[in-house]
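Notes to accompany the following structure.
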Amino acid sequence: MATVKLTIDNNPVEVEQETTVLEAARSLGISIPTLCHLRELNQVGACRMCIVEVEGARSYPASCTLPVSEGMVVRTATPGVRAARKMILELILSDHPNECLICIRNGHCELQAAADTLGVREVRFQRMSRRLHPKDDSGSAVIREPQKCIYCRRCVSVCAGVQGVEAVGPQLRGFSTVIAPPYNLPLAESVCVNCGQCLLVCPVGAIYERDETASVWAALADPAKHVVVQTAPATRVTLGEAFGMPPGTPVTGKMVAALRRLGFDRVFDTDFTADLTIVEESNELLNRMKNGGVLPQITSCSPGWVKFIEHFYQDLLPHLSTSKSPQQMFGALAKTYYAEEAGVDPADIVVVSVMPCTAKKFEAGRPEMQSSGHRDVDVVLTTRELVRMLKEAGIDLTRLPDEEYDAPLGISTGAGAIFGATGGVMEAALRTAYEVATGKPLPKVDIKEVRGLEGIKQAVIDFEGTPVKVLVAHGLRHARTLMEKLKAGELSEYHFIEVMCCPGGCIGGGGQPIGTDSEDRRRRIEGIYRVDKNMKLRKSHENPAVIRLYADFLGRPLGEKSHRLLHTHYVRRSAHPVLTE
Amino acid sequence: MAQLVDDYDRESLTCFIQTHRNQPASLIQVLSHIQQTAGYLPKPVLVEVSEKLGLSLTEVYSTASFYAFFTFRPRGRHNIVLCNGTACYVKGTGAVRATLERELGIRAGDTTADRRFSLDVVRCLGCCALAPVVMVDKDVYAGVDPAKVPEILNKYQ
Ligand code: SF4
Ligand code: SF4
Ligand code: SF4
Ligand code: FES
C-alpha cells in the first residue's frame, strides 16, 4: 500500500494512506484526547475533543476522522488547540449533571478522565440541566440515563454495526435530542435484546446494567435463606482484570474462595449444567437427524440471541434447540434435585448466578423459567457486580488461596468451560454427539476449525461415514447473515448452528469489564482453552456428576423429567417496538 | 378519549410506499408524501415504511423526528400559529403562549384530544408591525394579549 509522509509535533512519520492523523500520532506515542472515537467501531467525529492544528487549514479539524496527506504539518498541543479543547469540554460539561460521587462510573469514566487530563477546574458557562428525558429503568437488564449522555454515538454504532439490532438511535433534535428507541419508548418495549454491548462502549454512566447486588447482600444476611451461587464459564477468565491481572488469567479457585468469603452457603459451577446442556442438546440433535426433525438445529443458550430470533425471525423458531441454557438448567435443578439431596426446602433456597452477561438477567425473569415451582434463578449478577461486592467487602482476590467448588453441582469437564468462547458450545456438542452416535471415542478432541474470532466459521465432522456440517456465528449481525440464508433455503444441508449473541462469545459479554476490545477477547479465549486443556475430563457425557444425576434423578436424556425441567419454549415477538396509537 | 377513526387513505399510501420498496434512499421523499397527504406521519404507516424500504423503525423515526416539517399527530380542524419572532417575543408572545397552552390543555406542537385545534409556534410570520401575532387558519390577529385568547378561540368550533 502507498505511504504518506507527514510531520506531527516536529516528528517526521511515514504511515499508510488512509491512516487518520489520530492513528499516526498514536504510532509516534503522542496521545490526543478522544471521547467519541472507538477504533474500528465509531468514527463519527461527534465530540471534537481530538482537534489538532494543521498548517494551512482554516479551522482545527478533528484528527480521528482526518486522513493523513503528503507533507501535512500537524501540531497536537499548541496553546490554541489546548484552549479550544478545554472550551469544548466545558461546553459538554455545561449540561452534564455533577454527580460523579454517586455515579456508577465514578473512577471509570472517560468524561471524568478527560476533565482531569485537560485540567478543567471550572466551567465558564451557565450550567443548564437536561431534565427533558428522565431515566429509563424499564428494562430488566439495561438502564439508560439520558441526562448523562454526551452523544458520542458509540452505542448506536455498536447496536447497529456489531449487533444488527438498531434498538436505539438519535431521536428528535437540538437540545431535545436523545439516544433512544423510536418514539423515545422505554427500552423494555423496544427490540433491545439486553446484550449490553452498548454499555461496554459507553464512555460515561449513560447506559449501565441494573445493579442487583443489594438483593444478594440481603439474602446473604438472612439466616433463613440457603444461598447458592453458580459461576458461568466465562467469568473465571475476566474476574481477575479488576484486580490487576492480565485479561484471560484463569482465577477459578480464587473466585470460589472469594464467594465463600462473601458468605454463600454453596459455591457451584454453571460448567456442570453446561455439560448437562450438551448432553441434552446433542441428544436432541441426533434425535432430529434420525427422525426427520427440523434441521439445522440452532443453539439456544444465549438469551440475547434468543430474544433476537423471537423478534426478527419468528418463523425460524422451530430450529432453536428446546434445551434451556446452563444457567436455567442450574436453577431448575438447584430447587429440585439439590434441594432434595441437601434436605432444604426449595422455598428457602436463593439461587444467585454470576454471569458475563446482562441478557441473563432478562432470561432469569422470563415467565417460563419457573419449572421448579419457584423462580428458578433468583438473582443474576454480572462479573462487574461481583467485583463491586468483593471490593465493598474488602476482599482482595489476588491474596486468596485456590479453593474447590462444592459437589455435586460444582463438578465439570473442559467441555463445560469452553461454553464461554465462540465455537465452544459447538465443539463441546460435537465431542459428545460423535461418541453417542458412533459409540466410539472421538479421534481428535480439539476441533480447531470452530475456534477463533472470525465472524462466521464452519466445519464438517465425519461421524463414521455421515458428514455432519456445522456453522458458528457470534455477534448478532453475523447471526442475521446466517438467518437470511436459512430463510432463503440456502442452509438446508447443515445440521447444527451455534449462535452467541456477543462478539467473541460470553468472554466478550455485556456483563464483562467495561471497555472490552478485540485484544481482550482474544486473550480471554486463550484463557478459556487453557482451562479446558488442564481438565482431566473434557467431554460432557463423561462428567461423573452428570452420569449420577441421570441415574438417580432424571432418568435419561430427553426423558420426561428432563423435558419438564430442562427444556423450554419460545415466544413470537414483534419486529417493531410496541406501538399503541 | 374517544377513539378517532383514521382520516387518511391508507390504501393509497400503501401503494405509494410500495413503489419505493427496498429503496432506503427514498426515505425523505416517502415521508414528505405521507406528511402532505395524511397531514402527519401515523405510526402504523411508519412501521410500513420501515418494512418496505428495508430500514429499522429506529432509523425512520430518527430521520422523521429531526425535521420540523414532519409531525406525528393528526392535525386539528383549526390550526393556530403563534409567532415567536423577535418583535413578537419582545411584545409578549410568552404570555400569549402560556394562555393558549392552558386554555387548550396542550403544549405547542400538539393537537387537542378532540382535534379541534393544533397549536404551533413559528419563528417569524413576517408582519412584525402587528406583534404579537396569532394566526388561526387564514385569519390574522394582531396585538394579541392573553385576555383576548378565549374570545378568539370561541370563534372556531
Ligand atoms: S458519567 Fe462520568 S462525569 Fe458524568 S456523573 Fe458519571 S462519573 Fe461523573
Ligand atoms: S443492549 Fe444490545 S440490543 Fe439493547 S440497545 Fe444495547 S446494544 Fe442494542
Ligand atoms: S448513551 Fe453513552 S454511548 Fe450512547 S451516545 Fe450517549 S454517551 Fe455515547
Ligand atoms: S474523538 Fe474525534 S471527534 Fe470525538
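Per chain, numbering begins at 1; letters A, B, ... match sequence-line order.
Atom CG in Leu57(B) sits 8.5 Å away from atom CG in Leu185(A) (nearest 0.5 Å). Here the OH-CG distance, from Tyr183(A) to Leu46(B), works out to 4.0 Å after rounding to the nearest 0.5 Å.
More than 12 heavy atoms of other residues, nucleotides or ligands lie within 6.0 Å of CZ in Arg116(B), so this atom counts as buried by the packing criterion. Atom NZ of Lys148(A) is surrounded by more than 12 heavy atoms from other residues, nucleotides or ligands within 6.0 Å. Crowding of Tyr89(B) atom OH: a count of heavy atoms from other residues, nucleotides or ligands under 6.0 Å not exceeding 12. Within 6.0 Å of CZ on Phe66(B) lie no more than 12 heavy atoms contributed by other residues, nucleotides or ligands. By the 6.0 Å contact criterion, CD on Gln157(B) is enclosed, its count of non-hydrogen atoms from other residues, nucleotides or ligands being greater than 12. Atom CZ of Arg105(A) has more than 12 heavy atoms from other residues, nucleotides or ligands within 6.0 Å. Open room surrounds CZ on Arg39(A); 12 or fewer heavy atoms of other groups in view lie less than 6.0 Å from it.
Residues passing the side chain to side chain donor-acceptor pair (under 3.5 Å) test with Thr358(A): none are found, sequence neighbours excluded.
Heavy-atom distances place the side chain of Ser50(B), and not its backbone, under 4.5 Å from chain A.
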Give every donor-acceptor pair under 3.5 Å between a side-chain atom in residues 195-206 of chain A and any protein atom, sequence neighbours left out.
from: Gln197(A); atom 1: OE1; to: Arg521(A); atom 2: NH2; distance (Å): 3.2
from: Gln197(A); atom 1: NE2; to: Gly508(A); atom 2: O; distance (Å): 2.9

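At a heavy-atom cut-off of under 4.5 Å, chain B is reached by Glu166(A), Ala167(A), Val168(A), Gly169(A), Pro170(A), Gln171(A) from residues 159-171 of chain A, listed in order of number. Of residues 307-317 of chain A, no residue lies under 4.5 Å from chain B by any heavy-atom pair.
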